[in-house]
Amino acid sequence: MKQVVESLSKLQKYCEAEDFKGWDPYDGLNSRIFNAVPLLKNSALSRLIMIQFFKRSPVNMRRVGMIPKDYNPKAIALFLSGYCNLYESVIANPALQLGLESPEQLLGKINYLAHLLMDIRSKGNYHGACWGYEFGWQSKAFYLPAYTPTVVVTAFAVDALLRAYQVTCRSEYLDLALSSEGFILEDLNRIPKSVGFMFSYSPLDKRAVYNATLLGSKTLTAVYKYKNEVGLMNQIAQSVRPVLSTQNPDGSFPHSDQVGNKWRDNFHTGFKLESLVHCNRILCDAAVESAIEKGYAHWISNFFDRETGIALYYDNDSINSTVDLHCLAQAIPTLYHLNKLGNELPLVEKTINWAIDNMQSHDGAFYYRKKGNRLNKIKYMRWPNAWMFYGMSFYIKYISENGEN
């Protein structure tokens with residue numbers, strides 16, 4: 001564990017020095033130059049090209065494009081959850097204070113990040129607290145302006161605030177988090193299915209993205225634990241069932257109605273499995289349990305190279321395909337919540353150590369992606385640095401709770 005603690009400590013110092021602000025792979029539409037030209041900023045095609053140019057470029061052109069560093073709400077949520085994990089770790093194992101700071105220091109950062117997350121939530125006439133990305137996002141199907149709330153970002157923000165409440169007992173964190181029920185149930189569109197319904201990704205679209213729906217269900221599960229409303233349990237069950245009906249015979253899950261099995265990646269599968277586990281703690285449904293077992297068997301067998309420890313992006317990838325640390329980072333909390341981390345500890349340690357040796361800079365930040373021998377050295381704050389902070393914090397939390405290493 002020593003190498004992981006040292007790596008996370010270096011990453012922590014880097015992120016704190018930046019005040020948790022940074023660039024993002026998808027922030028191309030925040031270019032002040034682009035937004036100064038109405039003909040460009042009002043064109044869906046131009047917006048799509050702009051995002052993809054900055055995302056795919058191996059050279060960071062954001063200073064040239066006048067794209068400012070900013071707070072990413074999901075990144076702040078990931079950092080907040082990570083600091084909560086570290087706080088609980090040093091309480092369980094005080095020796096970790098030498099590498100991870102004292103409980104009092106960590107508590108100060110938890111409160112700082114919690115208030116920051118509350119401040120950067122989406123503004124508007126919504127029925128509850130909600131969050132979206134700080135940049136506009138154009139897909140082939142629809143456009144979301146900056147800070148348009150989505151169920152995905154909201155799910156991570158709510159989870160982080162509830163974790164902060166559990167650590168600090170500050171009621172404002174709990175109250176704001178629980179209010180998100182209104183956003184999910186009243187502001188998101190519903191896509192009817194033969195059994196139940198799915199939540200839309202945002203209030204502005206009607207696309208059935210399966211991991212997004214389950215993250216909404218997971219968030220309602222967290223709310224239910226405090227409100228214990230029977231009607232809420234019914235909403236959770238109705239939104240889980242259609243996802244189960246789409247599971248493939250081999251245990252894998254399609255991504256959405258639109259792309260189906262053309263997009264089956266590591267971390268979105270992790271989202272689905274983790275969300276199903278949380279939901280089934282209150283549903284206690286044998287069908288959900290079976291889906292989790294089948295899904296886990298496919299995921300753990302097809303998305304990791306055990307010899308190298310590399311977390312693969314797609315289930316048909318090789319170690320020379322794109323290596324994206326988001327996959328590794330999400331795998332750790334997925335294994336933690338599925339109670340499988342102990343079984344897969346050698347794989348997780350090999351995976352983390354590979355990332356430290358191959359993709360961490362001397363200043364503590366992790367690089368964006370690696371494909372073969374080509375390393376994209378852009379240091380985005382959310383992707384992968386907030387994710388690596390979040391993922392490694394779950395590893396340290398597990399070791400602290402179980403007295404291993």
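Since this is a predicted model, take the numbers as computed values, not measurements. Positions are given from 1 along the sequence.
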Using the ring-ring contact (aromatic ring centres under 6.0 Å, His included) rule, pick out the option among Tyr112, Phe389, Tyr390 that qualifies with Tyr83. Phe389

Test your reading of the model: is there a side-chain donor-acceptor pair from Ser57 to the backbone of Phe54, 3.5 Å cut-off? no

Check: Phe271 main-chain N/O paired with Ser275 side-chain donor or acceptor under 3.5 Å: yes

Would you tell me whether Gln235 and Tyr224 have side-chain atoms, one donor and one acceptor, within less than 3.5 Å of each other? no

Side chains of Lys13 and Ser9: donor-acceptor distance under 3.5 Å anywhere? yes

Do the side chain of Ser43 and the main chain of Leu39 share a donor and acceptor less than 3.5 angstrom apart? no

Say whether, by atom type as modelled, one donor and one acceptor occur between the side chain of Lys370 and the main chain of Gly372 under 3.5 angstrom. yes

Can Gln105 and Ser102 be counted as having a side-chain donor-acceptor contact under 3.5 angstrom? yes

Is the closest basic N to carboxylate O distance between Lys109 and Glu101 below 4.0 Å? yes

Using the benzene-type ring in the case of Trp, are the ring centres of Tyr368 and Phe366 under 6.0 Å apart? no

List the steps, then state whether side-chain contact (heavy atoms from CB on, under 4.5 Å) holds for Ile356 with Asn353. CA-CA 5 Å; Ile356 293 170; Asn353 289 334; 4.2 Å; yes

Can you find a side-chain donor-acceptor pair between Ser252 and Asp250 that sits under 3.5 Å? yes

So, using salt bridge (charged side-chain N to carboxylate O under 4.0 Å, His left out) as the criterion, who are the partners of Arg306 when residues are at least two apart? Glu344

Whether Asp205 side chain and Arg207 backbone form a donor-acceptor pair below 3.5 Å: yes

Flag, side chain of Ser139 to backbone of Phe142, donor-acceptor distance under 3.5 Å: yes

So, Ser217 and Ser239: side-chain donor and acceptor under 3.5 Å apart, yes or no? yes

Salt bridge or not for Lys379 and Asp363, using N-O below 4.0 Å? yes

When you measure from the side chain of Asn280 to the backbone N and O of Leu283, does any donor-acceptor pair fall under 3.5 Å? no

Indicate whether any N or O donor in one side chain lies under 3.5 Å from an N or O acceptor in the other, for Tyr71 and Asp19. yes

Test of ring centre spacing under 6.0 Å for His326 and Phe267: yes

Let me see the working for Tyr173 and Asn111 under side-chain hydrogen bond (donor to acceptor under 3.5 Å, both in side chains), right down to the final yes or no. CA-CA 10 Å; Tyr173 303 159; Asn111 284 315; 2.7 Å; yes

Just grab all the salt bridge (Lys or Arg N to Asp or Glu O under 4.0 Å) pairs involving residues 272-289, residues at least two apart or on different chains. Lys218-Glu274

Less than 4.0 angstrom from a charged side-chain N to a carboxylate O is my criterion; do Asp70 and Lys21 meet it? no

Any chance you could measure Leu188, atom CG, to Tyr126, atom OH, to the nearest 0.5 Å? 10.0 Å

Tyr380 side chain reached by Lys55 side chain, heavy atoms, under 4.5 Å: no

So, does Thr269 use its side chain to make a donor-acceptor pair with the main chain of Trp299 at under 3.5 Å? no

Does Gly65 offer a backbone N or O that forms a donor-acceptor pair with the side chain of Ser31 under 3.5 Å? yes

More than 12 heavy atoms of other residues, nucleotides or ligands under 6.0 Å from NZ of Lys140: is that the case? no

Are the aromatic rings of Phe253 and Tyr210 close, with centres under 6.0 Å apart? no

Give every residue pair that meets the side-chain hydrogen bond (donor to acceptor under 3.5 Å, both in side chains) criterion with at least one member in residues 88-100, sequence neighbours excluded. Glu88-Arg163, Glu88-Lys397

Is NZ or CZ of Arg47 both nearer than 6.0 Å to the six-membered ring centre of Tyr143 and within 45° of the ring axis? yes

Would you say the rings of Tyr314 and Trp263 are close, in the sense that their centroids are separated by under 6.0 Å? yes

Without hydrogens or angle criteria, can the side chains of Asp324 and Trp383 be said to hold a donor-acceptor pair below 3.5 Å? yes

